[in-house]
Structures are given as structure tokens and as C-alpha cells.
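Structure first, then comments.
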Amino acid sequence: MITPQHEPGPGSGARPARRRGAGAAGAGGRRPRRPWRHRPVTVRGVAAAIVAPFALALYAAAPDPPPPASRLTFRVPRFLRVLPFGTFHLVQVADTLLAAILFASTVNLLAGWFGSSPARFDAPHPLLLAYAAAAGCALPLVLRHRGPLAAWRLAAALLPLVLWVTATARDTPRDAPYPVTAILMYLLVLYSAAARAPGGASLGIWVITVLTAWIVHPGSGPLVAVVTGGVVLFGHNVRARRLATARLVEEERRTRQAEGAQMVLEERARIARELHDVVAHHLSVIAIQAEAVPMQASGDPAVLEAGLGGIRRLSLEAIAELRQVLGVLRDQHGRTDTAPQPGLDRLDELVAHARSAGLSVRVGRSGALEGLPPAVSLSAYRIVQESLSNAMRHAPGSDVAVGIARDARSVRLRVVNGPGSRSGSGPGAGHGLVGMRERVALLGGALDAGPLPRGGFEVHAVLPVQGSAGGSAGSAASAGSAEERESA
């Protein structure tokens, strides 16, 4: 016996059941995420956010690679090939020279201070401390180009020694123990670190610098904060501009690649459309004649020989047109085939092929068809060719009416075929109609194609002449490239 299940009441201690999909529940009974709900703020999260910049500055962050500057990079001369590097950068050479100058200047400055107040220093070798402090002012500059963060970390490690020696050697202990050489070195290293380190690391470096200055000499803390803050902001701005430029260059490279790929696809589509039009028409005629010639010959060698000769002629014409289409692909120097493309001037030849395949074709012309732009003439020829090929395949032996009319603005095509006298092939892949629509669309025209109520098929196309009539070279180019973009 099945008993109905009741939802527990409010005093049962169980949560009331919710129907699946009801209320705010989504698919599967899960409540959708609300975008305005954020993760709760915890003490651990706040502590991690505070410590992160210091961790990046002291050990975690890695600098950006040096910007490419090929004009400032040179090979080491042959007489210096004993050096452990094969190239040198002018910035590194300038940093090395500046480090040597700061080293000598710091030694002279501290030696003078020690000499003027020998009573304030009890060590037997004060000059050694002067050399050690000078090394602290010079070594970070040597690493500034290759490793800006390593240079700043080295400066932060050696700066207490420099400040202690300076404070010990000076006559007035209340003054800020910052020698000019140390200030110059630290500002250069600070700029390099901010220009090639992440923003969090730059923030940690600036905070550490300000806190150190406040501990060493509180009176100079505000000035140090302003000066070093300006240097850090300037370096960070340089890094942001450099990254934006790199992203722009990458986007331009991707755009060029996409344009190249699009050009390749368009060329493949053009070749595919031409191959479809050429192969479909000629092979349709050849297949129908190969079937009809033995029946027409009835053992007569002369009729059989004439029919086979016609098949051979059509095969040679198909091979010639295929070579013309594929000529540009075989040219290793990028030259295009200058052979003229077929146009409405070859309409009679096209109709003769269709008649030899068993179609009854009637052609009506209205207006002057000479002097059409190459793109319009080629597209009109291909549309008639594809329409006749479809009639051969799907309605063999049918009556076909071809009408071509030209006025001041456009060329109008109308190809109508009735039902065939015998069954044809099944429905094709539809590439022919797609190709006709694309040809017409490229010229800004319109095409309407579809079956007739009593059987048969009709194709009606309007090809604008204005806008392409004046283009000799331009229209010829569009007949070669715009002439065909097929999605076959």
C-alpha cells in the first residue's frame, strides 16, 4: 500500500521540501548564484592581501624581460673574446661607468668625513668601512639592467651598512644619513624595479622604502615618500605603456594572420567555384554523350566515330579550362594567368554543347551584349552554364529557354527548363545554386531560382551594370578575385 508523503511541518525540525525548479531554484534543484554576493571578508584574507605586496617585493616577483633594443646592443670585439659574454648593451656599459664613478666618489666623501672627525670613530681601519659603503652604492647599479628586482633587493640589503657608516662618519648626527651617491643609486634602481616589476611588487617596494626612511630619520620621511612615490609612479607608467604597446603589436600580428587566412580561404573558394562550374558542365555533357552515342550509332562506325570525336573535343576543352583555372596555383613567381575568361561572347558555343547532349535550347537576346564589364559577362556566362548543366543532369532531353536582356542599368537572365523526357540523376549537393547566388551577390544583384508548379526549373538573375561598367582593370580584377568566392 502506497501512502502519500507529506511535507514535514514547521515543528518537525526538518527543512520543508522545495519542488524542483520552483522559486529561485534552477535546473537540477540548485539555487543560482547571485552576482551581488561576494565571499565573506576574513582576517586571513585581509592579512594575505596586506602581506602580498611585501612578499612580491622581497622574493616572489620576477621582473619583465628587458625591452628589445637592438640598436644599443653590440658584439664584443675580438680582442675581448675572453670575457664571459658575447654581446654588450650600452645601458649596461653606462651603468658600469656610473657605478665606478659613484664608488670613487663615495670613498672620497667618507674618507674626508672620517678625517675631519677621527675622535668619533674608534675602529682601526675606517677606510675599509668607506670601501664597503662605496661598494653598497655601486654594486646595485651593475645589476640594474639584467635584474632590476635583484638590484633593488641588493640595495635594500646593503643600505643599512651605508647609512650606518655615513651616520658614524658625519659631524652632525641629527642630519639625514643619506649621501648623495646613495640617493642617486637608489633612485635609479627604484625606477628600474618599478618599470619592470608587477604593480603589487612596486607598491611593496615603495612602502618598504618609506617605512625604512621613517625609522632611520623621521624628519625626512614625507620628502622621501613624495620623491620615491613619483619615481615609482613614473616607472609604473612606463611599464604600462610598454605592455600596451606589446599588446597592440600582438593584436596587429594576429590581425595580419587572420587577414592572410581569410585571403587563403577566399582564393580556395574562388578556385572551388571555378572548378565546380567547369567540371560540372563538361562532365555532364560528356556523360550524356557517352550514353547517347552508342544508341545513335546503332552499329554505324561513322556515327560512332563522330560521337567519340565530340566527346574527345569536349574533354580537351575541359582540360584547357582546368589549366586556365589552376594556372595561378602552378606559378611559383606569383604571376596570374592573363588568358581571357569566358563571357557571353561564347554563349553560342555553350548552347551547342547543350544541344549535342540532347537538350532542346532556344535562345532569346535583347539589347547589345557587347562591351559588358568582364565580371558581369563572366558571371552571366557561368549562371547560364550552371543552369544548362543542371538541366542535363536532372531533366535530360528537356526543352530549355534562355533569355538575355540588357538595358541601361542591368543584364537580366532567365533560364527555364521543362520536365525531362527521361529520368535524370538525383538531387545534387546544391553547390551550383550556392555559387550562382554568390556570384550575383558579389555584383550587388538578385537571383531567384526554384522549381515550377508543372515540373521543371527556373532561374532568374539580375546583374547590375552600373558601377562596374567603367572598370576595365578593376572589373577584370573583380572577375578574377571577386569573380569567385565559393563556399563549395
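A quick note: this is a predicted structure, and the numbers were derived from the prediction, not measured. Worth knowing before you read on, the calculation uses all heavy atoms, side chains too, and leaves out hydrogens, waters and symmetry mates.
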Considering all heavy atoms of both residues, which atom of [X] and which atom of [Y] are nearest to each other, and what is their separation?
X: Ala111; Y: Leu127; value: CB-CD1, 4.2 Å
X: Pro140; Y: Ala151; value: O-CB, 3.3 Å
X: Ile205; Y: Thr209; value: O-OG1, 2.8 Å
X: Val142; Y: Ala99; value: CG2-CB, 3.9 Å
X: Leu161; Y: Ala132; value: CD2-CB, 4.0 Å
X: Ala194; Y: Ser202; value: CA-OG, 3.5 Å

Q: Determine, stepwise, if the pair Leu372 / Val465 fulfils side chain to side chain contact (heavy atoms under 4.5 Å, CB included).
A: CA-CA 7 Å; Leu372 286 173; Val465 176; 4.2 Å; yes
Q.
For the residue pair Arg382 / Gln385, report whether a side-chain donor-acceptor contact shorter than 3.5 Å exists.
A.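 Their side chains do contain a donor-acceptor pair, which is all the 3.5 Å distance test asks for.
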Q. Are Thr181 and Thr106 close enough that a side-chain donor and a side-chain acceptor fall under 3.5 Å?
A.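 A pair is found: one side chain offers a donor N or O, the other an acceptor, under 3.5 Å apart.
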Out of curiosity, [X] [atom1] to [Y] [atom2], how far, rounded to the nearest 0.5 Å?
X: Leu443; Y: Ser379; atom1: CG; atom2: OG; value: 4.5 Å
X: Ile183; Y: Thr228; atom1: CD1; atom2: OG1; value: 11.5 Å
X: Met185; Y: Leu141; atom1: CE; atom2: CG; value: 6.5 Å
X: Arg144; Y: Asp95; atom1: CZ; atom2: CG; value: 4.0 Å
X: Leu378; Y: Arg439; atom1: CG; atom2: CZ; value: 6.0 Å
X: Leu102; Y: Leu188; atom1: CG; atom2: CG; value: 8.0 Å

Would you indicate whether the side-chain heavy atoms of [Y] and [X] approach each other to under 4.5 Å?
X: Leu190; Y: Val232; result: yes
X: Ile208; Y: Leu58; result: yes
X: Val227; Y: Leu187; result: yes
X: Pro53; Y: Val207; result: no

Quick one: does any side-chain atom of [X] pair with a main-chain N or O of [Y] as donor and acceptor, under 3.5 Å?
X: Ser377; Y: Leu344; value: yes
X: Arg242; Y: Ala195; value: yes
X: Arg196; Y: His145; value: yes
X: Asn108; Y: Ala104; value: yes
X: Arg239; Y: Ala197; value: yes

Q. For the ring pair (Phe, Tyr, Trp, His ring centres under 6.0 Å) test, which of Trp152, Phe234, Tyr186, Trp206 pairs with Tyr191?
A.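 The ring pair (Phe, Tyr, Trp, His ring centres under 6.0 Å) with Tyr191 is passed solely by Phe234 among Trp152, Phe234, Tyr186, Trp206.
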**Q.** Lys/Arg N to Asp/Glu carboxylate O, Arg254 vs Glu250, below 4.0 Å
**A.**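 Between Glu250 and Arg254 there is a salt bridge, with a charged N closer than 4.0 Å to a carboxylate O.
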Q: Can you establish whether the number of heavy atoms outside Tyr131 located under 6.0 Å from its atom OH is more than 12?
A: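 Atom OH in Tyr131 is not crowded, with 12 or fewer foreign heavy atoms closer than 6.0 Å.
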(Q) Can you tell me if Arg253 has over 12 outside heavy atoms packed within less than 6.0 Å of its CZ? (A)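 Check passes, neighbour count above 12.
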Q: Under the side chain to side chain contact (heavy atoms under 4.5 Å, CB included) rule, what do Thr166 and Leu109 come out as? Steps first, then yes or no, please.
A: CA-CA 9 Å; Thr166 303; Leu109 180 64; over 6 Å; no
